[in-house]
Amino acid sequence: MKPPIFITIMLTVISGTMIVMTTSHWLMVWIGFEMNLLAVIPILMKKYNPRATEAATKYFLTQATASMLLMMGIIINLLHSGQWTVSKDLNPMASIMMTIALAMKLGLAPFHFWVPEVTQGISMSSGLILLTWQKIAPLSILYQISPTINPSLLLTMAIMSVMVGGWGGLNQTQLRKIMAYSSIAHMGWMAAIMMYSPTMMILNLTIYIIMTLTTFMLFMHNSTTTTSSLSQTWNKTPLITSFILVLMMSLGGLPPLSGFIPKWMIIQGLTKNEMIMMPTLLAMTALLNLYFYMRLTYTTALTMFPSNNCMKMKWRFECTEKTTFLPPLIVMSTMLLPLAPMLSILD
Amino acid sequence: MLKIIVPTAMLMPMTWLSKPNMIWINSTTYSLLISLISLSYLNQLGDNSLNLSLLFFSDSLSAPLLVLTTWLLPLMLMASQSHLSKETLSRKKLYITMLIILQLLLIMTFTATELIMFYILFEATLIPTLIIITRWGNQTERLNAGLYFLFYTLMGSLPLLVALLYIQNTTGTLNFLVIQYWAKPISATWSNIFLWLACMMAFMVKMPLYGLHLWLPKAHVEAPIAGSMVLAAVLLKLGGYGMMRITILLNPATNQMAYPFMMLSLWGMVMTSSICLRQTDLKSLIAYSSVSHMALVIVAVLIQTPWSYMGATALMIAHGLTSSMLFCLANSNYERVHSRTMILARGLQTILPLMAAWWLLASLANLALPPTINLIGELFVVVASFSWSNMTIVLMGTNIIITALYTLYMLTTTQRGKYTHHIKNINPSFTRENALMALHLLPLLLLSLNPKIVLG
């Protein structure tokens with residue numbers, strides 16, 4: 001699309017999220033969400049085909065419903081407290097409605113059904129924005145209302161999300177759907193710690209965004225969208241094969257890579273609060289996630305020529321997408337663990 | 001400890017910057033030098049441990065394992081030279097780098113003070129091993145083998161993370177030196193039973209315990225030679241080392257909790273030894289014999305007497321060297337015949353007599369011939385378990401006999417008898433291979449002169 005239009009739309013998306021994050025009036029929160037939604041629709045439809053139209057429509061419908069639920073929660077809060085300020089003491093009914101609305105926006109189970117289909121229908125770079133930037137605004141509101149959230153609702157959503165993200169991703173070969181299920185699972189981890197330590201949720205979000213950004217950029221650099229086309233990476237850009245290997249292991253949460261930091265901190269936070277079975281359950285279902293990441297690394301990096309590789313060779317096009325900041329992002333996605341003692345400044 | 005860690009880390013740039021014909025020479029030489037540095041840690045004072053820094057320490061349990069680890073790296077590099085000779089230069093360097101990273105992580109694991117750091121490095125050793133097995137293994141089953149290896153170990157060790165964090169909350173610290181004195185005795189209530197299970201299952205899978213050993217034959221058989229060597233010699237000992245460290249925190253629940261695992265180990269010992277008698281695949285035979293020897297170590301650690309700990313330590317070191325040597329011998333067969341089936345390469349004594357001498361010595365060490373430290377380890381464990389319960393001696397004795405049986409079966413099948421007609425034109429033994437076997441055997445024989453070093 002033409003540059004001025006693109007800039008306008010991007011600015012609207014960014015300012016929508018910024019409004020949500022910085023405002024203290026509930027109506028402005030809703031306005032920010034709507035701005036964000038309306039401006040992101042053209043971005044989702046960058047490649048104009050029926051699949052993208054369908055994806056954008058699904059996204060619009062679910063997010064609009066969620067915004068309406070959010071508005072209802074805001075009005076209930078107005079009814080019971082008489083003021084529009086974003087604060088910590090919410091009416092429980094309003095809190096439940098807002099949590100459900102924000103869970104729909106984030107793609108937490110059982111409201112996750114739109115995530116794989118929308119992510120699959122759009123282009124890689126739009127998918128990148130969908131899975132990273134769009135999570136910031138809802139999580140910032142959840143951060144602000146976190147003391148009042150109903151714990152059982154939140155924990156149910158967390159466990160269901162991790163399970164859905166794990167089992168759902170097992171049968172996928174399309175990379176965008178795999179990243180969508182990975183996003184659902186990571187949102188589950190974030191929801192789990194939200195009640196006890198919202199700071200850890202922000203930590204998890206930060207590291208998740210860095211890793212997902214890096215993953216999408218590597219996929220865009222390769223212009224691959226399926227697992228089988230990833231297996232040609234050793235031929236096109238051999239350096240990326242080792243990066244994808246390490247990055248997938250980091251996404252799976254294997255020590256000593258950075259992906260382990262959020263999992264460790266979340267398990268530590270949960271055990272400090274006397275919950276033992278839940279972090280065990282979360283950790284075990286994260287192994288399902290690790291399985292399909294491992295499948296990706298197998299096809300990419302671990303079964304290279306001259307061993308069997310049943311894929312026809314592809315044309316080697318030059319990469320046209322801008323992948324700025326890729327080296328520092330890769331370093332941050334994999335080597336942050338020695339800096340983990342710095343997390344003590346958060347206490 | 002940094003004087004070992006930093007040189008090992010610097011081996012990596014050295015590999016990447018060496019000239020093509022010098023990579024093997026450089027890495028082998030300098031890793032041998034590093035192993036000589038680590039020998040100084042064997043000089044332990046009294047019954048106190050060498051507290052070297054806040055993060056790293058070494059005591060009489062970890063020092064022999066540290067020396068074993070550093071000694072194995074040059075041996076692994078020597079063993080890998082021939083099967084990597086046809087790869088491109090950067091892949092050779094990548095393989096050596098993987099081995100060096102694994103070595104670095106293992107050194108840090110054996111000398112870690114804090115249990116969470118031990119956990120992180122314990123898990124971290126999985127990644128280079130997985131890459132070595134899956135990328136450089138030889139058959140298509142290696143993909144499955146890598147997955148089994150990774151997921152079995154991770155399933156066991158994720159509850160360990162939760163348990164360690166729980167212990168940190170209740171006891172206040174996980175620093176190993178402090179927690180020896182602060183550990184509260186735990187009885188066998190239900191929640192403590194789960195805590196015990198969570199702590200121990202990771203190491204049971206790693207050892208491996210008989211019911212959870214399914215990953216081991218797959219991983220050992222599919223791995224390339226350096227992968228098999230490091231798996232058998234060191235990674236299994238990680239499980240034993242971890243078990244010995246963590247049982248300090250788990251008394252006296254261990255008295256009740258140990259029963260199922262003792263039974264599994266004792267029975268599994270006999271079972272896996274018996275399976276060895278019917279194996280056709282040479283590496284698979286050695287892999288099952290590893291399970292059998294490690295079951296002895298599990299029994300020793302669960303009994304928790306001073307003699308059994310001494311026996312377990314000696315057995316770990318002895319088995320590390322012996323098993324690694326047997327894998328090297330099997331690999332020398334594999335490189336010539338390109339098959340692991342035992343009966344395809346028979347009667348080697350007439351064709352490769354010096355190699356037959358190494359086969360004989362390795363087999364004698366494996367069946368715990370006096371005065372090797374294999375015997376000392378097994379004897380201590382058998383005696384300690386006899387004092388724990390008289391009936392165990394039946395199973396232990398059966399195991400010793402069956403061990404002798406399958407070891408001699410392996411020896412006579414590969415070495416004695418008439419050779420098959422198709423192996424007349426195999427390469428003679430290279431000096432590198434003879435040096436490899438000698439370097440494995442020499443520490444083993446020297447330790448029989450002074451076993452006090454490894455008795456912990």
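Side chains are part of it too, since the values below use all heavy atoms of this structure and drop only hydrogens, waters and symmetry mates. So that the names make sense, note that chain A is the first sequence line, chain B the second, and so on, each numbered from 1.
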Nearest 0.5 angstrom please: [X] [atom1] to [Y] [atom2], how far?
X: B:Leu158; Y: A:Leu281; atom1: CG; atom2: CG; value: 11.5 Å
X: A:Met249; Y: B:Leu130; atom1: CE; atom2: CG; value: 5.0 Å
X: B:Leu150; Y: A:Leu254; atom1: CG; atom2: CG; value: 6.0 Å
X: A:Thr241; Y: B:Arg135; atom1: OG1; atom2: CZ; value: 9.5 Å
X: B:Ile131; Y: A:Thr297; atom1: CD1; atom2: OG1; value: 8.5 Å

**Report entry** When B:Phe194, B:Phe151, B:Tyr166, B:Phe122 are compared by non-hydrogen pairs under 4.5 Å with chain A, the top option
**Finding:** B:Phe151

**Report entry** B:Leu143 versus chain A, the contacting section by heavy-atom distance below 4.5 Å
**Finding:**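 For B:Leu143, backbone and side chain are both near chain A.
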
Restricting to non-hydrogen atoms, name the atom on [X] and the atom on [Y] that form the minimum distance, rounded to 0.1 Å.
X: B:Ile116; Y: A:Trp264; answer: CG2-CZ2, 3.4 Å
X: B:Ile127; Y: A:Pro256; answer: CD1-CD, 4.1 Å
X: A:Ile267; Y: B:Leu161; answer: CD1-CD2, 3.8 Å
X: A:Leu287; Y: B:Met155; answer: CD1-CG, 3.7 Å
X: A:Thr280; Y: B:Pro159; answer: CG2-CG, 4.3 Å

Query - Region of A:Tyr291 in contact with chain B, defined by heavy-atom distances below 4.5 Å - result: both

**Report entry** Toward chain B, the part of A:Leu290 with a non-hydrogen atom under 4.5 Å
**Finding:** both

Query raised in the report: Who wins among A:Ala286, A:Ala283, A:Pro255, A:Ser242 for the most heavy-atom pairs under 4.5 Å with chain B?
Result: A:Pro255

